[in-house]
There are 2 protein chains.
Amino acid sequence: MLETPAPLVPRATPATLDDVAKMAKVSPITVSRVINRPELVSEKTQKKVRNAIRKTGYVPNMLAGALVSQRSRLVIVVVPNIANRAFVDTIGQLGQRLAQARYQLLLSQSDLDASGESGLIDAILARRPDGIVLTRRLQSAEARDKLIARGVPVVETWELAEQPIDTVVGFSHEAVGRAMAGHIVERGHRRVGLVWSDDDRATRRRLACVEALRAAGVEVVACEFERVPVDMGNGREAMTRLLKAGVPMDAVICSIDLLAQGVMAEAQAHGLRVPEDVAVMGFGNLEFAAHTHPRLSTVNVDGGRIGLRTAELLLQRIEGSLGRGVQVEDVGFSLVVREST
Amino acid sequence: MLETPAPLVPRATPATLDDVAKMAKVSPITVSRVINRPELVSEKTQKKVRNAIRKTGYVPNMLAGALVSQRSRLVIVVVPNIANRAFVDTIGQLGQRLAQARYQLLLSQSDLDASGESGLIDAILARRPDGIVLTRRLQSAEARDKLIARGVPVVETWELAEQPIDTVVGFSHEAVGRAMAGHIVERGHRRVGLVWSDDDRATRRRLACVEALRAAGVEVVACEFERVPVDMGNGREAMTRLLKAGVPMDAVICSIDLLAQGVMAEAQAHGLRVPEDVAVMGFGNLEFAAHTHPRLSTVNVDGGRIGLRTAELLLQRIEGSLGRGVQVEDVGFSLVVREST
DNA sequence: CTGTTAGCGCTTTCAA
DNA sequence: TTGAAAGCGCTAACAG
């Protein structure tokens with residue numbers, strides 16, 4: 001090694017493109033090309049430039065690059081809260097596919113922003129991302145209008161928005177509710193308790209579920225609501241209340257697996273057998289659902305597929321090959337029947 | 001409402017500071033001040049400017065602002081994977097505190113980046129964040145050296161790094177391992193199985209734990225390793241193997257609560273009583289640990305406190321009131337004894 | 001309290 | 001295949 005390595009003590013001024021250019025004895029634009037479009041530069045020049053980059057410890061300034069090129073190569077994903085495991089696969093696939101296309105994925109936790117949805121969207125737009133992915137619904141019309149006015153590519157996921165901002169990749173929560181009801185009816189249960197989280201999407205599943213149960217002559221004997229974010233503890237508490245109330249029931253449907261897990265634990269702590277004494281069903285097919293004792297019946301959503309399709313459509317929107325607000329894709333869902341029902 | 005609202009159709013060119021300035025009949029810098037330092041502008045002028053901002057639908061371009069001011073008001077947090085719930089509270093508190101100080105927190109999932117740690121760090125530095133928080137250890141010396149050379153404020157969390165990049169907020173994994181061993185010894189167990197994830201930090205807990213067990217004359221009869229990321233299913237599988245091997249044991253210590261949860265489920269599926277037949281202990285005090293049946297004994301780390309202290313120290317580093325590499329803060333941990341041991 | 005001047009670091013466009 | 005000139009949108013520094 002004859003090269004001088006990059007200095008390990010912070011420099012007063014980090015190296016710029018010009019510094020690299022001077023050292024390599026080329027013009028700044030040539031350095032830029034080596035980094036962004038190396039196919040336009042001769043091997044020999046590339047070598048000189050890469051050497052200079054290494055020696056100076058140069059790291060491109062994408063603020064400057066994005067400012068002039070109007071492309072940030074940044075996609076921001078809004079998640080309600082990273083504790084929500086529903087979106088793990090979606091984000092994984094999305095990020096991987098975008099990385100292949102040289103886009104960087106950064107996550108913004110929406111519940112961090114005290115200024116509300118509108119402020120959150122402003123903060124995101126201020127970074128000039130090339131695309132935005134929403135895993136939650138924007139309630140505020142103001143926030144939605146801002147996105148529309150900007151014209152930035154947006155994909156709404158995990159539901160089928162009725163008035164989409166732009167592109168949509170999701171599934172019908174109403175259809176899920178009906179499918180859950182159908183399964184419980186099929187299993188011959190007649191008196192059902194509900195343990196439900198109190199958010200927009202869960203509510204849509206619940207309304208459809210209750211309607212379908214009633215249509216089949218099944219009685220909904222109780223409904224416990226839990227504020228989001230819910231956890232397993234909420235499930236146990238809800239089941240405690242249900243058992244204390246003494247209303248006889250042969251099944252409990254939950255808005256989400258976490259609650260179902262808590263409901264099962266509490267039932268067992270009371271000596272009840274699942275599913276013989278009481279069947280339990282969840283939604284989400286979270287990782288643990290396959291491994292509880294007994295294993296939990298639930299509804300599976302292919303989050304990875306949502307992520308992949310979102311990436312594809314977002315890239316098409318960014319490149320302009322897909323129009324805005326044109327595509328609404330339903331990825332569906334499936335019932336996962338295990339031991340708890 | 002006499003105002004013209006921002007247009008709902010994407011404009012050819014989004015409004016700039018100059019557009020706002022012209023409409024409000026002030027200079028651009030005044031608009032900038034209204035946004036960033038309103039205390040320097042008279043009420044009357046502010047009103048004019050805010051009106052113009054609303055009418056034009058102006059959203060500041062932080063790329064441009066950061067470029068000239070050398071402050072991006074952006075902090076990037078590196079998480080191994082958002083499925084890892086250990087960091088939820090840390091990120092929540094960190095983000096909230098930073099938001100108060102007008103910094104935006106964005107998350108970067110490190111396992112998304114195929115180019116390795118060095119490429120990940122380059123991608124992050126290219127956005128010129130004012131600070132970086134690491135929730136995982138950087139293995140590559142190259143990546144660490146890049147951060148050092150840049151001089152950007154960095155806080156390493158969730159462990160006490162031996163050769164810190166800059167500031168540290170964490171706890172000793174060795175001390176945790178010894179505490180777990182101590183608890184099992186105290187409970188009178190003599191033959192212990194281990195179910196462990198195969199990562200750097202977990203390994204440090206295990207080595208210390210095993211050493212302490214042996215020192216107390218407790219026999220380690222088996223050790224099952226699981227590749228990260230682990231889940232509850234890995235715990236069940238490991239316990240299946242342990243039971244199949246037929247080696248008698250009276251306790252199982254796990255590297256993480258998820259594995260412990262799986263171990264308990266499998267033990268129960270085999271008709272074993274926890275803790276009478278076999279005690280089970282985890283680490284992390286994940287949300288479900290308080291709600292399993294029986295409730296799980298574990299080790300609690302105050303992730304929220306780590307987040308808060310990280311925010312404070314990072315802000316001090318950014319403002320220059322704290323020197324680089326000066327502070328190493330140990331937030332400790334605590335044993336949480338419940339029903340499973 | 002408000003404005004003028006200059007330039008952050010990079011890429012676009014056009015030219016050689 | 002390489003370079004020169006111009007300017008993206010904003011704020012620091014200074015002046016009034």
Side-chain angles (χ1 to χ4, degrees), chain A residues 11-50 52-53 56-74 102 122 125-130 150, chain B residues 11-50 52-53 56-74 102 122 125-130 150:
Chain A
R11 318 175 15 143
T13 310
T16 68
L17 200 74
D18 285 342
D19 297 334
V20 177
K22 264 171 208 145
M23 181 176 284
K25 297 192 172 125
V26 295
S27 74
I29 184 62
T30 299
V31 179
S32 168
R33 289 195 184 113
V34 169
I35 291 164
N36 299 308
R37 313 198 52 190
E39 69 277 12
L40 297 182
V41 182
S42 73
E43 285 287 334
K44 205 175 130 195
T45 309
Q46 280 197 44
K47 201 163 275 173
K48 272 196 308 187
V49 171
R50 289 195 201 284
I53 288 176
T56 52
Y58 173 68
V59 179
N61 185 336
M62 292 188 84
L63 300 176
L67 181 60
V68 45
S69 70
Q70 309 277 24
R71 304 201 97 203
S72 58
R73 304 210 79 88
L74 174 65
R102 296 214 310 149
D122 279 343
L125 289 174
R127 306 283 173 192
R128 296 296 189 266
D130 290 337
R150 270 278 141 186
Chain B
R11 320 177 12 143
T13 310
T16 68
L17 200 74
D18 285 342
D19 297 333
V20 177
K22 266 172 207 142
M23 181 176 286
K25 296 189 172 127
V26 295
S27 73
I29 186 66
T30 299
V31 178
S32 168
R33 288 196 184 112
V34 169
I35 292 164
N36 299 308
R37 312 198 53 192
E39 70 276 12
L40 297 181
V41 182
S42 74
E43 285 287 334
K44 206 175 129 196
T45 309
Q46 280 196 44
K47 202 163 276 175
K48 272 197 307 188
V49 170
R50 289 194 202 284
I53 288 176
T56 52
Y58 173 67
V59 178
N61 185 337
M62 292 188 84
L63 301 176
L67 182 60
V68 46
S69 69
Q70 308 277 24
R71 303 201 98 202
S72 58
R73 305 210 79 88
L74 174 66
R102 297 213 312 148
D122 280 343
L125 289 174
R127 305 283 172 191
R128 297 296 189 265
D130 290 337
R150 269 279 140 184

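The sequence lines fix the lettering, A, B, ..., with proteins before strands; numbering per chain opens at 1.
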For B:Asp19 and D:dG9, give me the distance from atom CG to atom P, rounded to whole Å. 9 Å
Between D:dT11, D:dG3, C:dG9, which nucleotide has the shortest distance from any of its atoms to the side chain of A:Leu67? C:dG9
Does D:dA12 have OP1 or OP2 sitting under 4.0 Å from an N or O in the side chain of B:Gln70? no
Rounded off to whole Å, could you give me the CG-to-C1' distance for the A:Asn61 and C:dT11 pair? 12 Å
Of all the nucleotides listed (D:dC10, D:dA13, D:dG3), which has the minimum atom distance to the side chain of B:Thr16? D:dC10
So, under a plain 3.5 Å distance rule, would you say the side chain of B:Arg128 forms a donor-acceptor pair with the base of C:dG9? no
Measuring only between side-chain heavy atoms, which start at C-beta, is A:Val59 closer than 4.5 Å to B:Arg128? yes
As a test of reading the structure: which of C:dG9, C:dT11, D:dG9 is closest to the side chain of A:Ala64, going by heavy atoms? C:dG9
Nearest to the side chain of B:Leu17 - D:dT2, D:dC10, D:dC8? D:dC10
When the distance from CG of B:Leu63 to C1' of D:dG9 is rounded to whole Å, what number comes out? 9 Å
Take atom CZ of A:Arg127 and atom P of D:dC10, then tell me their distance rounded to the nearest Å. 14 Å
Figure out the CD1/C1' separation between B:Ile29 and D:dA15, and round it to whole Å. 13 Å
Given DNA chain C, 5'-ward residue of the pair B:Pro28 and B:Ser69, judged by closest heavy atom: B:Pro28
Check for a donor-acceptor pair, side chain of B:Thr56 on one end and backbone N or O of B:Val20 on the other, with a separation under 3.5 Å. no
Please tell me which of the listed nucleotides, D:dC10, C:dG3, C:dG9, lies nearest to the side chain of B:Ser27? C:dG3
Using a 4.5 Å cut-off on heavy atoms from C-beta on, say whether the side chain of B:Leu74 contacts that of B:Met62. no
What residues from residues 39-49 of chain B pass a heavy-atom cutoff of under 4.0 Å to DNA chain D? none
Quick check: do A:Val41 and A:Val49 have side-chain heavy atoms less than 4.5 Å from each other? no
For atom CG of A:Asp18 and atom P of D:dA5, their distance in whole Å: 14 Å
Rounded to whole Å, how long is the line connecting atom CD1 of B:Ile35 with atom C1' of C:dT2? 16 Å
Just so I know, are the side chains of B:Asn61 and B:Thr16 near enough to count as touching, which here means a heavy-atom distance under 4.5 Å? no
Does any part of the side chain of B:Ile53, heavy atoms only, come nearer than 4.5 Å to the side chain of B:Ile35, both counted from C-beta? yes
For A:Thr30 and D:dT2, is the shortest distance between a side-chain N/O and OP1 or OP2 below 4.0 Å? no
How long is the span from the CZ atom in B:Arg73 to the CZ atom in B:Arg102, to the nearest 0.5 Å? 5.0 Å
Value in whole Å for how far the P atom of C:dC10 lies from CZ of A:Arg37: 18 Å
